[in-house]
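Below: one structure, written as structure tokens.
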Amino acid sequence: MSNFSDLPLQAVAKAQELVGKTAGKYLERGSAELHYARKMFEAGAFKLEPPQDLAAFVSDMRRWGEIGMIPAINARRCPNRVAVVDDDGELTFRELNDASNAVANALLAKGVRGGDGVAILARNHRWFLVSVFAAARVGARIIMLNSEFSGPQIKEVSEREGAKLVIYDDEYAAAVGHADPELGKLRALGVNPDSDESSGSNDETLAQLVARTDGRPAPKATKHASIIILTSGTTGTPKGANRSAPPSLAPIGGVLSSVPFKGGEVTSLPAPMFHALGFLHATIAMMLGSTLVLRRRFKPAVALADIEKNKATAMVVVPVMLSRLLDELEKTSPKPDLSSLRIVFVSGSQLGAELATRALKDLGPVIYNLYGSTEVSFASIAGPQHLSINPATVGPVVNGMKVKILDDNGNELPQGEIGRIFVGSFFPFEGYTGGGGKQIIDGLMSSGDVGYFDDNDLLYVSGRDDEMIVSGGENVFPAEIEDFVSGHPDVIEATALGVEDKDWGARLRCFVVKVEGSEIDEDAIKAYVKDNLARYKVPREVIFLEELPRNPTGKILKRQLREMDSD
């Protein structure tokens, strides 16, 4: 039998290297988790609890998992504090917890078990939260359906994702009628406030379930819940992105390490909760014991009034919402009192330098811009101090995350060079539910974007890696032209894409929404770009539209614009 010294020196060196790398990873991971824990403690998510409350916290986590246990935390800490303000009034943390238990018990009675799919199709209101927490307490796979889905899409996605039960708002009754889930349907919101006509649905409402169901704590789930959030589908059919509750504090701690959220405050959440951005911030607010202000529909005037009335300290929006808020603020007199607002958190699509600059000017140093995606979660967050350096940046990398700029061969590029953005985290994307995933290199996942780091280690996104066009031998990223044209005083917003060109290989087509009453024309847009950017970046065509097609999270639906081109 050989002893250790007889092993080849190369094998010994390799083993030492492997041990060193493994130890380094654990050390890095441990350091990041401690950082997240400290930030969550400072924000108020973690507190010095009485022994009995700490024991209950651990028991609830074992019973229902990380998502299902959330309402119970503040039902103990601050039972009478308002958890939700919505179109129907106020709901306390105790009432939220009791309703979640009652609906969980009702789901169990209907046959829902751990691992079963429960689809939710609802707008922003209390019953969305109750649905999520109740489904989590039975260990379901929670499938977030897009509120803009048609009937056939609801049927297709529900079947593909294995939904055994669908919870929906009454306004979607006709569309949901296409689906026939095994365990039936329930209505989240039992009426459609936008219509005087009844949907005719006989499906029981969650309010009715709560009124007749035992509200005692639901039994231990046989499986911890997972969340299926659908991709935006801006270029094709939405895919289901599978995420289990991660063994990491990163999803919440990462945000709190870059943004000064505090417990017991008030967050206005216009961003839809079925999307990753809205769901993340609903979770953060509930963990912090903060009040969520929710409205079924986003109305800029109402959103501004909500800040003043509720003394909101934070607001979470997608860029198009922010733009409309600023438009409303500009024409409102007298101006609402927004002095309580410390944070305007923006994500979901490109913020852009022009809108960032305008927001900082009109609202003050309160803008925080997150860069990420459904698949990679988040990578960087730009705060006011970073946007003041350059409003086009998406900020420094969040503590604990890894971001590298790679070339087409997987080699890391130096600062300033544009390449593909790859992201690594402690809570990796588990792949699409229908199979497949994003490219992974050395444990880092492709974001689908291209960009670069500057000398201040700030990240910039140049555009989608599949949107770059080669026109006359030059690389052109539509995002740069979009952002620049949007900054013209006679333009409300603009987008661009590449179309085939037999002479140049590809050419830029720009779609523009101009200010009402403006006489700006195609030649003026082209001249504006030509006078400020390289000649090859001038769009060959400019098409004026009344509005750009968007999904509910504000992303521009470029596939519709391409279809318009094919027509």
Side-chain angles (χ1 to χ4, degrees), residues 21 24-25 27-36 38-39 42 248-261 319 343-347 349-357 359-360 365-373 375-428 440-465 477 479-480 483:
K21 285 183 177 180
K25 286 182 179 180
L27 184 63
E28 182 182 21
R29 169 74 178 269
S31 175
E33 295 294 345
L34 285 173
H35 176 78
Y36 300 147
R38 179 168 64 85
K39 290 299 181 180
E42 291 173 353
S248 171
L249 301 175
I252 294 177
V255 172
L256 296 180
S257 70
S258 301
V259 189
F261 288 100
I343 300 165
V344 176
F345 195 100
V346 190
S347 188
S349 60
Q350 183 182 9
L351 174 61
E354 187 274 333
L355 181 55
T357 301
L360 289 169
V366 298
I367 308 301
Y368 293 82
N369 179 30
L370 177 146
Y371 167 64
S373 70
E375 294 87 352
V376 304
S377 188
F378 53 80
S380 64
I381 297 177
Q385 70 275 31
H386 309 117
L387 295 171
S388 65
I389 295 173
N390 190 329
T393 184
V394 293
V397 177
V398 173
N399 190 296
M401 303 297 112
K402 283 187 177 180
V403 177
K404 289 186 178 182
I405 308 298
L406 306 180
D407 64 17
D408 290 339
N409 296 317
N411 301 310
E412 188 170 5
L413 294 170
Q415 282 183 331
E417 289 196 25
I418 296 175
R420 300 171 67 200
I421 300 173
F422 280 74
V423 181
S425 74
F426 301 138
F427 50 109
I440 296 177
I441 297 178
D442 292 334
L444 306 181
M445 179 179 293
S446 168
S447 71
D449 295 320
V450 290
Y452 63 95
F453 282 106
D454 69 5
D455 294 338
N456 296 310
D457 290 325
L458 298 180
L459 180 64
Y460 296 79
V461 178
S462 302
R464 298 290 298 172
D465 61 5
F477 294 100
E480 180 185 6
D483 194 34

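Note: hydrogens, waters and symmetry copies are ignored here, and every other heavy atom, side chains too, is used. Because the structure is a prediction, the values reported are computed rather than measured.
For the side chain to side chain donor-acceptor pair (under 3.5 Å) test, residues two or more places apart in sequence or in another chain that qualify with Tyr371 are Ser447, Asp449. Residues satisfying the side chain to side chain donor-acceptor pair (under 3.5 Å) test with Asn369, not counting sequence neighbours, are none. Residues passing the salt bridge (charged side-chain N to carboxylate O under 4.0 Å, His left out) test with Glu42 are Arg38, Lys39, sequence neighbours excluded. Take Gln415 and apply the side chain to side chain donor-acceptor pair (under 3.5 Å) test, not counting sequence neighbours, and it matches Asp457. The side-chain contact (heavy atoms from CB on, under 4.5 Å) test applied to Ser446 returns Arg420, Phe422, Gln439, Asp465, not counting sequence neighbours. For the side-chain contact (heavy atoms from CB on, under 4.5 Å) test, no residue two or more places apart in sequence or in another chain qualifies with Asp442. Annotation: salt bridge (charged side-chain N to carboxylate O under 4.0 Å, His left out) contacts of Glu480 (sequence neighbours excluded): Lys537. Listed by chain and number, the residues in a ring-ring contact (aromatic ring centres under 6.0 Å, His included) with Phe345 are His281 (sequence neighbours excluded).
Nearest heavy-atom pair, Phe378 versus Gly254, reported as atom, atom and distance to 0.1 Å: CZ-CA, 4.1 Å. In this structure, Pro396 and Ser380 approach most closely via the heavy-atom pair O-CB, 3.1 Å. For the residue pair Gly253 and Tyr36, the shortest heavy atom distance occurs at C-CD2, 3.6 Å. Between Ser347 and Leu370, the shortest heavy-atom contact is OG-O, 3.0 Å. When every heavy atom of Val397 is checked against every heavy atom of Met401, the shortest pair comes out as CG1-O, 3.5 Å. In terms of heavy-atom proximity, Leu413 sits nearest to Ile418 at CD1-O, 3.5 Å.
A 4.5 Å side-chain heavy-atom check between Leu444 and Lys402 finds at least one atom pair inside the cut-off. Two residues are said to be in side-chain contact when any heavy atoms from C-beta on lie closer than 4.5 Å; Ser258 and Tyr368 fail this criterion. At a threshold of 4.5 Å between non-hydrogen side-chain atoms, the residues Asn411 and Leu406 do not count as touching. For the pair Ile440/Met445, a side-chain contact is recorded, criterion being any heavy-atom separation below 4.5 Å from C-beta on. The shortest distance between side-chain heavy atoms of Ile343 and Pro260 falls below 4.5 Å.
A side-chain contact (heavy atoms from CB on, under 4.5 Å) with Ser257 is found for exactly one of Ile381, Ile252, Leu249, Asn399, namely Asn399.
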Donor-acceptor pairs under 3.5 Å, side chain of residues 383-394 to any protein atom, not counting sequence neighbours: which ones?
| residue | atom | partner | partner atom | Å |
| --- | --- | --- | --- | --- |
| His386 | ND1 | Gly383 | N | 2.9 |
| Ser388 | OG | Pro384 | O | 3.3 |
| Ser388 | OG | Gln385 | O | 2.8 |
| Asn390 | OD1 | Ala392 | N | 2.9 |
| Asn390 | ND2 | Tyr460 | OH | 3.4 |
| Thr393 | OG1 | Gly395 | N | 2.9 |
| Thr393 | OG1 | Leu459 | O | 2.8 |

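Residue Ile405 holds its CD1 atom at 10.5 Å from OH of Tyr452, rounded to the nearest 0.5 Å.
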